[in-house]
Amino acid sequence: MAGPGLVAGDVVVDALPYFDQGYEAPGVREAAAALVEEETRRYRPTKNYLSYLPAHDYSAFEVRRHGGPRLRPPPGPAVSPLLSPQTEIMRNEFERLAARQPLELLSMKRYELPAPSSGQKNDITAWQECVNNSMAQLEHQAVRIENLELMSQRGCNAWKVYNEHLVHMIEQAQKELQKLRKNIQDLNWQRKNMQLTAGAKLREMESTWVSLVSKNYEIERTIVQLENEISQIKQQHGEANKENIQQDFQ
């Protein structure tokens, strides 16, 4: 049912679920499902429902050098053209996925302290590298200890502030949720009131229509009865005139 002021092809759903009855009757649900199935089978979208979204920027992950122009990654295994412009790390990862290679495990080599090999036992340079590695590992552990001490001193307050922020965010989200639920409930109540009002008006109009149709039927029946009576009267007058004419000639 299309109303005035609507664009050609638009459809107004005139169902009143808060007022209509008979939805649980046998066969109603199956009939509705069959109609939906038929509509979806022959429906062909004619509009782009994503036209309001901005265009995709597939070059967002292209490599830049100091604000200069984007640099294309070197050629590699064939991957999706939508994923070809990436950073070096992303390009390597997509190449690994394209080659179906397993993910590399976390390397613990940096935490090892290997001694020089048997062939380098007398090599001062090799021993110097081992000493430098040991000093770097020792410094790394010292930094970790400092970080742990700082966390023990100030971490509690930082976590308290973080938790306060989380509580505030949860409260705001709950308020927004309650507001949305209230809006949904108000909208449902408004729809229900509108449908009940429209349903009562439709029922009144239907009763008026039935009454008018009944009156029209009574009028038509009376007209037909009068026409039959008139026809009978005319027929009786015609026969009487014939008798009078015959008597005059005699």
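Computation of the quantities below employed the complete heavy-atom set of this structure, encompassing side-chain atoms and omitting hydrogens, waters and symmetry-equivalent molecules. Numbering of residues begins at 1 and proceeds along the displayed sequence.
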*CA sep, side-chain torsions, deciding dist, call: Arg41, Glu38, side chain to side chain contact (heavy atoms under 4.5 Å, CB included)*: CA-CA 5 Å; Arg41 190 184 303 112; Glu38 180 185 0; 4.1 Å; yes
Flag the pair [X] / [Y] as yes when at least one side-chain heavy-atom distance between them is below 4.5 Å, and no otherwise.
X: Met135; Y: Glu139; result: no
X: Glu206; Y: Leu202; result: no
X: Cys130; Y: Pro114; result: no
X: Arg181; Y: Gln178; result: yes
X: Glu176; Y: Gln172; result: no
X: Lys175; Y: Lys179; result: no
X: Lys215; Y: Ser211; result: yes

As an exercise, state the distance from [atom1] of [X] to [atom2] of [Y], rounded to the nearest 0.5 Å.
X: Asn188; Y: Asn183; atom1: CG; atom2: CG; value: 11.0 Å
X: Leu187; Y: Leu180; atom1: CG; atom2: CG; value: 12.0 Å
X: Ile145; Y: His140; atom1: CD1; atom2: NE2; value: 10.5 Å
X: Gln190; Y: Gln195; atom1: CD; atom2: CD; value: 11.0 Å
X: Leu138; Y: Leu113; atom1: CG; atom2: CG; value: 9.5 Å
X: His168; Y: Asn163; atom1: NE2; atom2: CG; value: 14.5 Å

_The test is side-chain hydrogen bond (donor to acceptor under 3.5 Å, both in side chains); show your working for Gln128 and Asn132 and say whether it passes._
CA-CA 6 Å; Gln128 187 64 41; Asn132 292 337; 3.2 Å; yes
*Do Val213 and Val210 share a hydrophobic cluster (ILVMFWY, side-chain heavy atoms under 4.5 Å, transitive)?*
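Yes; Val210 is reachable from Val213 via cluster members.
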*Is Leu166 linked to Trp159 within one hydrophobic cluster, defined over Ile, Leu, Val, Met, Phe, Trp and Tyr using a side-chain heavy-atom separation of less than 4.5 Å?*
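In one cluster: yes.
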So does [X] have more than 12 non-hydrogen atoms from other groups sitting under 6.0 Å from [atom1]?
X: Glu104; atom1: CD; result: no
X: Leu212; atom1: CG; result: yes
X: Asn122; atom1: CG; result: no

Test your reading of the model: is there a side-chain donor-acceptor pair from [X] to the backbone of [Y], 3.5 Å cut-off?
X: Ser207; Y: Arg203; result: no
X: Asn133; Y: Glu112; result: yes
X: Thr208; Y: Glu204; result: yes
X: Trp127; Y: Pro116; result: no

*Is Arg96 paired with Glu93 through a side-chain N to carboxylate O contact shorter than 4.0 Å?*
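Here Glu93 pairs with Arg96 in a salt bridge, since their nearest N and O are under 4.0 Å apart.
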*Before accepting this row, confirm whether a basic side-chain N of the pair Glu95/Arg91 lies closer than 4.0 Å to the acidic partner's carboxylate O.*
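A salt bridge is present here (some side-chain N lies under 4.0 Å from a carboxylate O).
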